[in-house]
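Input: a single structure, listed below in structure tokens.
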Amino acid sequence: MKALISVTLLFVLVLLSGCLGSSSSSVAPTLSFMYVVGQGENDIRGLAVKSTGDLESLPIPTFPTNPRPIAMVLHPSKNFIYVVNETANTVSGFNVDHTNGFLTPIGTALPPTPVQSLPIAAGINSAGTFLYVLNQGSASISAFSIDPTHGLLTEIAGSPFPTVANPQSLVVSPTANFLYVGNGSAGSISGFAIGSSGTLTQLGGSPFSGGAGASVGRMSIDPKGQFLFAADSVNNTVLSFSIQSSGVLSPVAGSPFATGGLQPVAIALDNNGVFLYTANQGSNNVSGFAINAGALTPMAGSPFAVTSSGNPTPAFLTVDLTNTFLYVGNPGTLNITAFA
């Protein structure tokens, strides 16, 4: 099954797992909620994910945020969502209503939290105690402690922490205190250890090379924290690394792996870490792989076309909490493609 769901503007998807809600639709019950941000609208669009995989706008469809929201991250408690606002140089926090999916600002009497110039990505450690924002303009990482009750942010001592110039992406291990930054055309990944107070210390041997000619874009780590995968849009490949107990990255045998599509710009894994998908912006399709000890084997029929018309330029993708549906964000056609 493949379907197109229209939205006004799309750049990033976040699935809120574990939240069952009611809906006005008589077609199917709500499975979870999805939140979408777009650089042309200064708000967050909320969608109900139906048990059929269809998407339906929430009764209150949008929630305002600062100018040019570009990225989102969900707190491990699933009670808070944080939105990175690129041109405002802020991060906005929202409480999540688990019944209806509505978002309300954290600390309504407080302005959004300032960060450094051109923030583009964010991540939260597995304990949910620290939020990290990657600032492309200042080549730095802003670090904040998170109030577990109210979600309020407090910048920690030593923040912001320097990183390589012109960073492109950020990912935090779901199981250990490690953070990684993709360095784009530099072809490397910077690794940091997260201290007990939230401070960042560069790992020995960092930055880690992606190989000759590599360009490290968006990254993802498997649910067990054993492997890191990075999209290389220049060479149309996926880089695969084993994560050592020290946080050091080691290339997996056979890496990089060809996608069969052009310009892979985003990566998503299923919730068991068994399958990996790439959004191939240059060829308007999605590549699928089976994962075995970090090595990737293409699925039969891969890559899969996103749509038969237009120029969707897929740029973001995510798997729903039941591992039943894959959603692909298409900035070129302003819609979401849903796959079974």
Side-chain angles (χ1 to χ4, degrees), residues 11-14 16 33 35-46 62-97 101-163 166-173 177 179-181 190 192 194-201 218:
F11 274 84
V12 181
L13 303 106
V14 172
L16 180 60
F33 303 112
Y35 301 96
V36 180
V37 296
Q39 295 180 2
E41 293 185 347
N42 298 325
D43 56 38
I44 306 164
R45 179 169 293 272
T62 59
F63 310 95
T65 185
N66 268 196
R68 205 176 182 190
I70 192 172
M72 285 186 290
V73 62
L74 175 67
H75 191 270
S77 69
K78 303 175 181 65
N79 292 326
F80 313 117
I81 281 179
Y82 297 93
V83 179
V84 175
N85 306 300
E86 186 179 32
T87 57
N89 296 328
T90 61
V91 57
S92 302
F94 296 87
N95 299 291
V96 181
D97 188 314
F102 293 170
L103 303 180
T104 55
I106 289 171
T108 54
L110 302 174
T113 303
V115 294
Q116 300 296 302
S117 64
L118 292 180
I120 59 168
I124 296 176
N125 68 322
S126 58
T129 50
F130 304 113
L131 169 74
Y132 298 94
V133 177
L134 181 64
N135 307 302
Q136 188 176 62
S138 57
S140 66
I141 303 167
S142 295
F144 303 89
S145 62
I146 303 173
D147 176 356
T149 303
H150 305 291
L152 297 173
L153 302 177
T154 303
E155 191 161 14
I156 68 171
S159 174
F161 299 92
T163 189
N166 196 34
Q168 300 295 313
S169 59
L170 177 148
V171 67
V172 180
S173 170
N177 289 319
L179 178 151
Y180 300 93
V181 174
S190 297
F192 298 85
I194 300 173
S196 58
S197 62
T199 57
L200 297 179
T201 303
R218 294 195 191 99

Rounded to the nearest 0.5 Å, what separates atom [atom1] in [X] from atom [atom2] in [Y]?
X: His150; Y: Asn79; atom1: NE2; atom2: CG; result: 12.0 Å
X: Leu179; Y: Leu170; atom1: CG; atom2: CG; result: 4.5 Å
X: Leu131; Y: Ile124; atom1: CG; atom2: CD1; result: 5.5 Å
X: Leu103; Y: Phe63; atom1: CG; atom2: CZ; result: 4.5 Å

Testing the basics here: between [X] and [Y], what is the closest heavy-atom pair and its distance to 0.1 Å?
X: Leu118; Y: Glu86; value: CD2-CG, 3.9 Å
X: Val37; Y: Ile70; value: CG2-C, 4.3 Å
X: Ala122; Y: Val73; value: CB-CG1, 4.0 Å
X: Tyr132; Y: Gly198; value: OH-O, 2.8 Å
X: Asn166; Y: Gln168; value: O-NE2, 3.0 Å
X: Ile156; Y: Thr199; value: CD1-N, 3.5 Å

Report yes if some heavy atom in the side chain of [X] is under 4.5 Å from a heavy atom in the side chain of [Y]; otherwise report no.
X: Ile44; Y: Pro69; result: no
X: Leu134; Y: Ile141; result: yes
X: Val96; Y: Phe33; result: no
X: Val83; Y: Asn85; result: yes
X: Val172; Y: Ile194; result: yes
X: Val133; Y: Tyr82; result: no
X: Phe144; Y: Val115; result: yes

Donor-acceptor pair, side chain of [X] and main chain of [Y], under 3.5 angstrom:
X: Ser92; Y: Pro112; answer: no
X: Tyr180; Y: Ser173; answer: no
X: Ser145; Y: Thr154; answer: yes

Task: Criterion side-chain hydrogen bond (donor to acceptor under 3.5 Å, both in side chains) against Ser142, the qualifying member of Asn89, Asn135, Thr113 - done: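 By the side-chain hydrogen bond (donor to acceptor under 3.5 Å, both in side chains) criterion, Ser142 pairs with just one of Asn89, Asn135, Thr113: Asn135.
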- [ ] Apply the side-chain hydrogen bond (donor to acceptor under 3.5 Å, both in side chains) test between Asn66 and each candidate in Asp43, Thr90, Thr87; give the one that qualifies.
- [x] Thr90
Open item on the list: Parallel, tilted or perpendicular: which one describes the rings of Phe80 and His75, with boundaries at 30° and 60°?
Closed with: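 The arrangement is perpendicular - the two ring planes meet at more than 60°.
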Open item on the list: Under a 3.5 Å cutoff, is there a donor and acceptor pairing between the side chains of Asp97 and Thr104?
Closed with: no
Task: Residue pair Thr65, Phe94: steps toward the side-chain contact (heavy atoms from CB on, under 4.5 Å) verdict - done: CA-CA 9 Å; Thr65 185; Phe94 296 87; 4.0 Å; yes
